[in-house]
Asks: 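I'd like to ask you about the structure that follows.
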Amino acid sequence: MEINPILQNVLAPPVLFFLIGAISVIFKSDLEIPAPLPKLFSLYLLLAIGFKGGIEIQKSGFTNQVLPTLSAAILMSLVIPLIGFLILRFKFDVFNSAAIAAAYGSISAVTFISAESFLESQKIAFDGFMVGALALMESPAIIVGLLLVKFAAPKNRPKSRKMHLSAILHESLLNGSVYLLLSSLIVGFLTASSNPSGIVKMEPFTGQLFYGAECFFLLDMGIVAAQRLPRLKNAGSFLIGFAIFMPLFNAFIGVFVARFLSLGPGNALLFVVLCASASYLAVPAAMRMTVPEAKSSFYISTTLGLTFPFNIVIGIPIYMSLVNNIIPLSSL
Amino acid sequence: MEINPILQNVLAPPVLFFLIGAISVIFKSDLEIPAPLPKLFSLYLLLAIGFKGGIEIQKSGFTNQVLPTLSAAILMSLVIPLIGFLILRFKFDVFNSAAIAAAYGSISAVTFISAESFLESQKIAFDGFMVGALALMESPAIIVGLLLVKFAAPKNRPKSRKMHLSAILHESLLNGSVYLLLSSLIVGFLTASSNPSGIVKMEPFTGQLFYGAECFFLLDMGIVAAQRLPRLKNAGSFLIGFAIFMPLFNAFIGVFVARFLSLGPGNALLFVVLCASASYLAVPAAMRMTVPEAKSSFYISTTLGLTFPFNIVIGIPIYMSLVNNIIPLSSL
Amino acid sequence: MEINPILQNVLAPPVLFFLIGAISVIFKSDLEIPAPLPKLFSLYLLLAIGFKGGIEIQKSGFTNQVLPTLSAAILMSLVIPLIGFLILRFKFDVFNSAAIAAAYGSISAVTFISAESFLESQKIAFDGFMVGALALMESPAIIVGLLLVKFAAPKNRPKSRKMHLSAILHESLLNGSVYLLLSSLIVGFLTASSNPSGIVKMEPFTGQLFYGAECFFLLDMGIVAAQRLPRLKNAGSFLIGFAIFMPLFNAFIGVFVARFLSLGPGNALLFVVLCASASYLAVPAAMRMTVPEAKSSFYISTTLGLTFPFNIVIGIPIYMSLVNNIIPLSSL
Amino acid sequence: MIFSERELDAIIKTLEKANVPGYTVMKHATGRGPERVVTEDMEFTGLGANAHVIVFCEQELIDKMRDNIRDDLSYYGGVAYISEATPL
Amino acid sequence: MIFSERELDAIIKTLEKANVPGYTVMKHATGRGPERVVTEDMEFTGLGANAHVIVFCEQELIDKMRDNIRDDLSYYGGVAYISEATPL
Amino acid sequence: MIFSERELDAIIKTLEKANVPGYTVMKHATGRGPERVVTEDMEFTGLGANAHVIVFCEQELIDKMRDNIRDDLSYYGGVAYISEATPL
Ligand SMILES: Nc1ncnc2c1ncn2[C@@H]1O[C@H](COP(=O)(O)O)[C@@H](O)[C@H]1O
Ligand SMILES: Nc1ncnc2c1ncn2[C@@H]1O[C@H](COP(=O)(O)O)[C@@H](O)[C@H]1O
Ligand SMILES: Nc1ncnc2c1ncn2[C@@H]1O[C@H](COP(=O)(O)O)[C@@H](O)[C@H]1O
Ligand code: NA
Ligand code: NA
Ligand code: NA
């Protein structure tokens, strides 16, 4: 693991702006991006990722790598929460364990974007269908989390709140951010199929503006993450360890799966990043509604306060070196 | 009337995003674009339409088609509210009839934009001065609506609220959205006359970004429209019928006026769309202040919940086929 | 002083949009840009100015003009508040005098941007390192203002609020807008040094969009300034006179300093504008927290209601003609 | 405690005329009354949301402005209620 | 006076069922309760902030909805308090 | 019920120290007091608007924090009033 790629990653504008945001909190600057401006950027990024992904999928068509990759992605988002749950149960009750585990099974779109930016700066190619994997990995983890609560929870949960399967599917598939990402993907796909001039006209908005908007949003994420970090102290060292260990562990599994799928280095990194990243949008929103017994500060502070910065700043280059070192091995 | 253009219209990004917004409400997704973000996009769109329109008017100069078209536009926005008022009086009191009628006499800038996008995708030319028609049709309908209230209302309105002509002119000309559109038009005109480099520097903002911002705003409009639609049920079937019949009727008149004016197919469509569309920005805001006796849910739910989606999704292609079929007829 | 450059300045889109905003208030239009949308644009502008400035500084390197200019800039922002304080003390107490004086010693980024736009439209070159001067002139004036309060204030200020040097430095250097500008400058510098592709990808956001965003923000500034102006009446004619006289006086000193520094006409104008402009972001925010005894309506209404519009609309061309007439003189 | 909306300017003028010592305004409130529903999603149209105005003042001041405020509210809608409150 | 959050829809349904004459909602409130901290910076995540709901109504109506509201609040968190208020 | 502004952090610290069971904050309030006018249009400058803080708590807690809050408010401005309220 060289130090150079990490430094190169840190010196890219998105990461620099993230650090600026974080430092502003540490130095107690009153820099603030008031609500709902961050929402504007998060909606924009989801819309743009989805739209561009849909176009790419339509362009590349369903090559014979697409289906295995997407299936593996879904599988990972089903398996990771189970592993996470088993680990977390050593210390936490069913509710908190399920909620945190679901967050780590799901993904962080901004971490994914950052990995794409990293690849672009390194001039490493990747495929548009990986956005499909991004979109498909959000919901299954939520479903697993809620099923874990449904079957492992103590029997004395208030009756009126029994989770029916329909409620579980609703929260996992119709959650605002999942819905926007998925449907923008479809819009991109349909537009690319039937209306190529529409793509050209969208390009300045979804394409050219993207990098700058990403920087602006990461500025805010830096502020939020740094505000969250101190709250982790209350959560205890077990959870702090988990927030660093779990992404590394997931990345490790991810690399071997990527190797098994014979993904190129670009796609492999994105796959690994999806495994390693944890959700702070869709999953917390869903868990707040369906598992109010879980402490939101646990699943938010870990994902947003520690795992997210870790991935953004040093995780991605580490995963890249994992990919470069493990995938080319002739055989297991 | 072919089905193909409708499908083609529906498959353009702005309409697709509109549908996504509407579907999110139907499926009870918690997708939400919190205030005041929609206001940002509506302000932006008005500013950009006006600015670009002003440039076009300056470029094309006042051809001999401009004055008759603009006069006809004003005339239509004076006549339509009168017709609407007569129809609505069968069921509603003076206040509600006047307010709803004014909305249908006025225009919807976003419907106009959608028609422009439709023309561009169909590669049909149109002229920039039609934005002048857009700007000029907002106020007269408000004036007619308020005059109808002034002269037809029962004599026992609270004295202190007697509408003076100055108040009527104020509400109709200095309403925020009317004012921004008109003044941006003037800025565009002045810039094009005296400062061409200013146009080049504005182009990325008012030009390139426009299509994407339109999509984002239509996503919100889809949400809002779908939330409004159910409230129409309380309004009764008369109003529901009115919300569909009136735009078709106005479009029909509009086509013949366009034919009389010998407008080309692009300008003709825009003219027809102006006639057929109904206001949900300037008119409701003005009516809320000056005619509080009218139920805002009536004039908002019809225009935004039914007429707007109808025009956006299937109205525009229908009007195009009307234009294509009626205008070329050798004589009436 | 010719009338032509003033008219030309007024006919540029940013100034036109500023006037539109102001006129909307005068005519009592209900045009409104609700919070926190203006904050979005002000954050964006600071980020973009800083980022572009950092790139320029990295590109041009530290020529032998840079250091003297930046030193002179800091000096000006230390001296101007002292002069202002002495003048203001004729009429106001220590608290108000110090707060207002600090505002005039500091700078207005938007005035600076407007001057840049003016130079571009006049095709006069200027250097990127002037953004460095912009960034460096914000804090010293705050420090002087707070030191004036610390040493000149009556001894009976509540004990608990004694201003320690650390608090003064904190307010002056870590104020949200100072911090964002400075740190974006560093990000721009670092990106230009190590990651040139990052600059290309940021360009649509920080570069192309800039002019339009500037116009949009100035629309709001026009509204705000026109709402502030009437409150100046309560402030009395002394303060009104000060708000016009002080920028002219500072500009005059600035021209001679620029001449002494042998700045080219572009850089000279920017230097003069920095001297002449007054802060309505960093300084008021800092003063509100540290000198609550001062009336915020005094230091905001003067800077925002009078000095800012004066500079934007007629000040800049006046300063340009000052620069053109005084700098070429062979000797004093 | 008062509930109102776009006639905020009128109400504030009434308050100022009555020489209240101060007031606080919270905009962007939504709600339903006997006559109207105000929702956040319509804010972009310029319809505006409601404003929640709080005034701490003496009973006499309330009596002075009662009629004016009632007048405004009866025309445009809105509610006003009074509670006892003692300064901290 | 009630404090709640994303279960706003449920609470409003309860209010409507009780036939309250009206209510006012102020969203974007933040705060800390015995169980949760809600901050503004998380609003973009979809976690939502709190909503502050005010209802002016007769005592009997309050009695009618007390149980339903308590139920909602005990599950998702939030507080509800009652003060006397007389119409202006 | 309290009115304050950018010294929100200080006030919340006071509240926490007094061990209040919870509090609710509504930012973006504007208003006029005896000394200052706070308007929404200045929010972008970083001047900030007011914050409206509501605390439901026992009388004793109020007594405990009275002095600290008074101190903050007298320096930066703002008002605090107390009303009776019973839990629903
Ligand atoms: N009983 C009530 N309790 C609380 N707020 C109310 C009540 N009645 C009306 N309101 C508020 O007053 C606004 C105007 O109501 P209306 O008089 O129907 O136009 C509503 O949107 C609510 O925000
Ligand atoms: N004692 C209190 N005073 C004022 N607001 C409270 C109080 N307790 C709880 N809240 C509000 O209720 C919300 C939910 O609290 P919780 O019951 O901990 O989930 C908090 O975020 C606060 O906004
Ligand atoms: N009598 C009052 N009623 C309601 N709010 C008040 C009152 N006096 C002051 N305020 C609020 O307290 C803030 C600070 O006032 P000041 O003490 O003048 O700085 C004002 O902006 C108002 O929002
Ligand atoms: Na993951
Ligand atoms: Na019409
Ligand atoms: Na200055």
Side-chain angles (χ1 to χ4, degrees), chain B residues 21 25 32-46 103 108 110 157-161 171 175-180 217 220-228 231 234 279-301 303-305, chain D residues 1-18 23-54 62-81:
Chain B
V25 174
E32 190 199 16
I33 300 179
L37 301 180
K39 182 94 186 181
L40 171 66
F41 288 93
S42 96
L43 289 171
Y44 163 79
L45 292 176
L46 290 170
S108 147
V110 179
R157 282 194 97 196
K159 251 188 179 169
S160 60
R161 309 292 173 168
E171 279 302 324
N175 183 290
S177 45
V178 176
Y179 177 81
L180 182 58
F217 187 61
D220 183 62
M221 295 296 286
I223 298 174
V224 175
Q227 284 170 338
R228 288 281 131 187
R231 300 206 196 147
N234 311 337
S279 166
Y280 48 82
L281 282 178
V283 178
M287 292 299 150
R288 172 104 186 259
M289 286 314 282
T290 48
V291 193
E293 296 94 336
K295 277 194 102 151
S296 63
S297 69
F298 283 172
Y299 50 80
I300 294 173
S301 299
T303 55
L304 203 52
Chain D
M1 281 170 227
I2 313 175
F3 284 85
S4 68
E5 38 184 305
R6 261 178 56 153
E7 70 272 36
L8 185 56
D9 283 348
I11 299 260
I12 285 183
K13 231 176 251 167
T14 305
L15 295 179
E16 296 282 12
K17 238 186 255 161
Y23 54 84
T24 294
V25 177
M26 276 165 293
K27 288 169 118 189
H28 316 297
T30 54
R32 192 185 65 70
E35 291 170 46
R36 261 167 294 267
V37 182
V38 177
T39 57
E40 197 179 38
D41 60 355
M42 298 307 296
E43 210 166 7
F44 79 91
T45 60
L47 274 185
N50 291 333
H52 178 188
V53 177
I54 301 179
I62 297 179
D63 297 336
K64 252 169 77 186
M65 50 195 182
R66 174 169 284 131
D67 289 340
N68 283 328
I69 287 180
R70 268 193 195 150
D71 207 49
D72 278 344
L73 295 185
S74 73
Y75 190 65
Y76 283 115
V79 291
Y81 278 79

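First the proteins, then the strands, lettered A, B, ... as listed; each starts at 1. The figures here come from the full heavy-atom set of this structure, side chains too, leaving out hydrogens, waters and symmetry mates.
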Asks: Quick check on B/Pro38 against chain D: is it the side chain, the backbone, both or neither that has a heavy atom closer than 4.5 Å?
Replies: both

Asks: Where does B/Ser42 contact chain D at under 4.5 Å (heavy atoms): side chain, backbone, both or neither?
Replies: side chain

Asks: Non-hydrogen atoms of chain D under 4.5 Å away: do they reach the side chain of B/Ile33, the backbone, both or neither?
Replies: neither

Asks: If you apply the rule side chain to side chain contact (heavy atoms under 4.5 Å, CB included), what do you find for D/Val25 with D/Ile12, and how did you get there?
Replies: CA-CA 10 Å; D/Val25 177; D/Ile12 285 183; 4.2 Å; yes

Asks: For D/Glu43, which residues count as a salt bridge (charged side-chain N to carboxylate O under 4.0 Å, His left out) partner, sequence neighbours excluded?
Replies: none

Asks: Does B/Lys39 NZ have over 12 foreign heavy atoms under 6.0 Å away?
Replies: yes

Asks: What part of B/Asn175 gets closer than 4.5 Å to chain D, counting heavy atoms only: side chain, backbone, both or neither?
Replies: neither

Asks: Given the rule in the side chain to side chain contact (heavy atoms under 4.5 Å, CB included) test, do D/Ile11 and D/Leu73 qualify, once you have shown the distances and angles that lead to the verdict?
Replies: CA-CA 9 Å; D/Ile11 299 260; D/Leu73 295 185; 4.0 Å; yes

Asks: Tell me, side chain or backbone of D/Thr39 under 4.5 Å from chain B's heavy atoms, or both, or neither?
Replies: side chain

Asks: Answer with side chain, backbone, both or neither: which region of B/Leu304 has an atom nearer than 4.5 Å to a non-hydrogen atom of chain D?
Replies: side chain

Asks: Name the residue from B/Phe217, B/Phe41, B/Tyr44 that meets the ring-ring contact (aromatic ring centres under 6.0 Å, His included) definition with D/Phe44.
Replies: B/Phe217

